[in-house]
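Letters go in sequence order (proteins before strands), and every chain restarts at 1. Hydrogens, waters and symmetry mates play no part in the numbers below; they use all other heavy atoms, side chains included.
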Amino acid sequence: MTVRVRFAPSPTGYLHLGAARAALFNWLFARKCGGKFLLRIEDTDLQRSTDESTRSILEGLEWLGIGDYDEEVVFQSRNADKHRAAALRLIEEGKAYRDFTPKEDRADANVKREIAERARTAAAVEGVDHRSNPYRDLPLEESNRRGAAGEPFAVRLKVAREGRSRFEDVVYGEQVRDYSEIEDLVLLRSGDLSPLYNLSVVVDDIEMAVTHVIRGQDHLTNTHKQVLIYQALGTPVPVFAHLPLILAPNKAKLSKRKHGEVVSLTTYRDRGFIPAAFRNFLALLGWSPGDDREIMSLEELISRFSLEGIHRSNAVFNFNERDARQWTDQKALWMNAEYIRTMPLEELVPMVRSELESAGLWRPEYVAEERAWFERTIDLIRQRFYTLKDFSGQGRAYLSDDFEFDPQAVAKNLKKEPRLRELLPRLADHLERVEPWTTETVETALRAFADETGVKAGLLINSSRTALTGQAVGPSMFDVFDVFGRSRSVKRLRDAAQLV
RNA sequence: GGCGCCAUGGUGUAGUUGGUUAACACGCCGCCCUCUCAAGGCGGAGAGCGCGAGUUCGAGCCUCGCUGGCGCUACCA
C-alpha cells in the first residue's frame with residue numbers, strides 16, 4: 001500500500017506557522033516513503049474562506065519548497081454533495097438520524113464560555129444526558145415522511161450509548177474515550193443540509209484514499225468522532241499521527257490576533273529568510289532526528305524523518321514583541337545567518353538579486369561584466385548578515401553611492417579625531433598611487449602612511465571603514481578597499497573628510 | 001464543569017532495556033584572534049530533570065497522587 005498523506009488547510013487567512021510545519025511533516029513523510037503528498041483546501045466555511053488566502057497558502061508551500069503536491073488540489077466545498085449523500089445513506093442504514101429540533105443560533109464568539117456553562121448547568125440538573133434526543137429513535141418511515149414534507153432537520157450521527165472509542169496514535173499512543181463523552185454530532189446542518197467539518201474531512205480522506213493523517217494535536221480528541229464516522233461508513237481508519245502544538249512565549253496558542261505577523265509564513269519570506277533555513281528550523285520544532293544534527297539539507301531531512309521522532313510536548317516559539325532584534329525566534333535568525341554565510345554562493349545570488357531588485361539596487365552588469373566583482377562582494381559581506389534584507393540595508397554602500405552614514409559611526413570614527421579632516425585626503429592621495437590595487441598592497445601602503453604620519457593604523461582603518469561604508473562595523477577593511485576599487489575608495493575618503 | 005494530552009537549564013532538543021560529575025544547539029558572560037563587528041577557537045554561568053510519595057542496591061527514565069500548562073468539548077474549521 002503506498003502512503004498517501006494530505007495537507008488540509010482552511011483558507012481563512014495567511015499560512016500559519018503551525019500549519020506550515022504540518023505541511024512540511026506531511027511532505028517529508030510522503031517523500032520519505034515514496035508516497036503521495038496531496039493538498040486539500042478546506043473551504044467549507046464560505047463566509048471566512050477567500051481565494052486570496054488560498055493563493056497565499058499555495059505561495060507559502062511553494063516558497064518552502066514543498067509546493068510539489070502530487071495530484072490536483074481538492075477543494076472541499078466542491079464535494080459537498082458527496083458528503084451529504086454519505087450522511088443520507090447513514091440515515092437509511094440507521095446509523096444517523098434526522099434531528100427536527102429547531103436550530104439554535106449560537107454567538108460564534110462566546111462558544112467556549114457557553115460550553116462550560118452548559119456543562120455546569122447540565123451537571124447541576126441531575127441525570128440530564130446531554131445526548132438524549134427525542135428524535136434519535138424516531139422510526140425511519142416517520143423520519144422520512146417528515147423530511148419529505150419539508151420539515152427542517154439536521155442530521156446527527158447515532159453514537160452508541162455504551163462502550164468506548166479507541167484508536168492508536170503514532171505519536172500519542174493509544175487513545176480511549178468513552179462514548180458517553182461524545183455527543184451525537186451533527187453531520188449536516190438543518191436547512192441547507194450543508195456538511196460539517198468532521199463529516200467532510202472523513203469523506204474526503206476516504207475519497208482521496210489517505211493512509212496517514214498527520215495534523216495538529218488540537219484535533220486529537222475530535223479524532224474519536226471521526227473514527228466513529230469511518231466506522232459508520234464501513235471504511236478502515238487511516239493511521240493517525242498528531243503533532244504537538246507550537247506555543248507563544250506565554251504558552252498560549254500562537255494566533256494572529258494576539259501575536260501578529262510572527263505567526264505568518266509570508267512574514268519570513270518578506271523579511272529576508274532563506275526558505276531552506278526556515279524549513280530547517282521548522283522541522284526541528286516538535287521533531288528531532290534523535291541526535292545532535294541541526295543543520296540539515298532537504299535530502300537529509302527526508303532521509304532522517306520519521307513519525308517516531310515526533311515528540312509529544314508542545315514547543316514554544318520564542319520571540320519578544322518588545323525587542324525588534326528578537327522579533328522572531330533567535331534560533332531561526334541564527335539559522336538563517338548560518339545558511340546565508342555557508343550556502344553555495346550560486347544559490348544565494350539569485351535570492352540576493354531579487355532583494356536588490358525590489359530595493360532598486362540591482363544592475364544588469366552584475367550578471368555580465370561585473371559578475372566576478374559582484375559575487376566577490378556578496379561573498380564578503382554575507383559573512384555577517386542575518387537576512388536577505390541586510391544586502392540592501394547594511395550592504396547598500398557597497399552597491400550604490402546613495403547611502404546613509406550611521407551617525408554613531410561618524411561620531412566614533414570620524415568626528416572624534418579632528419586630524420582626520422586632513423589625514424583622510426592625504427591617505428587618499430597616498431592610496432591613489434598604489435599599484436597594483438590588492439588587499440596586500442593597500443594594507444602595506446596604509447600602514448606605511450600611518451607610520452609616516454605618526455598615527456595608529458587602527459585610526460586610519462576605522463575611519464576609512466566609516467568613510468567608505470558609512471558604518472562602524474564590517475568586513476576586514478583591506479578586503480573592503482579591495483572590493484571598492486581604487487577610484488571609489490579614494491573618492492569616499494576625500495568626501496568623508498567633510499564629515500569630520 | 002467534563003474529558004484528554006503534556007511536563008529535562010530562558011528557548012529548541014538528546015538522554016539507549018533504570019547504573020558514573022544530566023548532553024547538544026540558540027541565547028547570555030568571559031578570554032583568544034583582531035582594524036571594527038561578526039564568524040571561528042577556548043572557557044563559564046544556567047536544569048539535578050514541575051512537586052510529593054512509592055518500587056529498587058540505584059530513577060530524568062517504572063507506579064501512584066498532586067500541581068501547572070495546553071487542547072477538545074459548536075448546526076466553526
Which of the following nucleotides, [options], is nearest to the side chain of [X]?
| X | options | value |
| --- | --- | --- |
| A/Q330 | B/C76, B/C70, B/C26 | B/C26 |
| A/E181 | B/G2, B/C37, B/G4 | B/G2 |
| A/R384 | B/A77, B/C35, B/C37 | B/C37 |
| A/K253 | B/C72, B/G40, B/C26 | B/C72 |
| A/T221 | B/C35, B/U36, B/G71 | B/G71 |
| A/Y386 | B/A39, B/A77, B/C35 | B/A39 |
| A/Q76 | B/A77, B/U73, B/A38 | B/A77 |
| A/V186 | B/C26, B/C75, B/G4 | B/C75 |
| A/S476 | B/C75, B/G71, B/C35 | B/C35 |
| A/Y172 | B/C5, B/U11, B/C72 | B/C5 |

With rounding to whole Å, what would you report as the distance between [N] and [M] at their [atom1] atoms?
| N | M | atom1 | result |
| --- | --- | --- | --- |
| B/G27 | B/U34 | P | 24 Å |
| B/C26 | B/U73 | C1' | 38 Å |
| B/A59 | B/G48 | C1' | 12 Å |
| B/G9 | B/C24 | C1' | 13 Å |
| B/U16 | B/C57 | C1' | 22 Å |
| B/A25 | B/C3 | C1' | 37 Å |
| B/A45 | B/A22 | P | 13 Å |
| B/A14 | B/U8 | C1' | 10 Å |

Query raised in the report: Does A/Y97 have its ring centroid less than 6.0 Å away from the ring centroid of A/F153?
Result: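 Distance test on ring centres: not under 6.0 Å, no.
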
Query raised in the report: Are A/W327 and A/Y268 near enough that their ring centres are under 6.0 Å apart?
Result: yes

Salt-bridge contact [X]-[Y] (side-chain N to carboxylate O under 4.0 Å):
| X | Y | result |
| --- | --- | --- |
| A/D205 | A/R40 | yes |
| A/E151 | A/R98 | no |
| A/D204 | A/R6 | no |

Query raised in the report: Looking only at side-chain N and O atoms, does A/R341 come under 4.0 Å of OP1 or OP2 in B/A38?
Result: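 Answer is no, no contact under 4.0 Å.
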
Requested in this report: Return yes if the base of B/C6 and the side-chain atoms of A/R312 contain a donor-acceptor N/O pair under 3.5 Å, otherwise no.
Outcome: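 When only heavy-atom distances are counted, A/R312 does not reach the base of B/C6 through any donor-acceptor pair under 3.5 Å.
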
Requested in this report: Look at the side chain of A/S190 and the base of B/C75, then say whether one donor and one acceptor between them are separated by less than 3.5 Å.
Outcome: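 Check passes, donor-acceptor contact within cut-off.
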
Query raised in the report: Which way is the base of B/G48 turned, syn or anti, if we draw the line at 90° from 0?
Result: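 For B/G48, whose glycosidic angle is within 90° of 0, the conformation is syn.
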
Query raised in the report: So what does A/S464 hit on the nucleic acid, given a heavy-atom distance under 4.0 Å: a base, only sugar-phosphate, or nothing?
Result: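 Touches nothing.
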
Query raised in the report: Heavy atoms under 4.0 Å, any strand shown: does A/G290 hit a base, just sugar-phosphate, or nothing?
Result: sugar-phosphate

Requested in this report: Decide, applying a 5.5 Å centre-distance limit and a 30° plane-angle limit (both strict), whether A/H219 stacks on B/A77.
Outcome: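 Taking the rule of under 5.5 Å and under 30°, the ring of A/H219 does stack on B/A77.
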
Query raised in the report: Does A/R21 count as lying over the ring of A/F25, i.e. NZ or CZ under 6.0 Å from the six-ring centre, within 45 degrees of the axis?
Result: yes

Query raised in the report: How are the rings of A/F240 and A/H242 set relative to one another: parallel (under 30°), tilted (30 to 60°) or perpendicular (over 60°)?
Result: parallel

Query raised in the report: Over how many whole Å does the gap from A/L284 atom CG to B/A14 atom C1' extend?
Result: 12 Å

Requested in this report: May I have the distance from A/N250 (atom CG) to B/U11 (atom P), rounded to whole angstrom?
Outcome: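 Spelled out: CG on A/N250 to P on B/U11 is 12 Å.
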
Query - Pairwise 5' ranking along RNA chain B for A/N462 and A/G309, keeping only the more 5' one - result: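 Result of the comparison: A/G309.
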
Report summary line: Between A/Q326 and A/S288, whichever has its closest RNA chain B nucleotide further toward 5' is A/S288

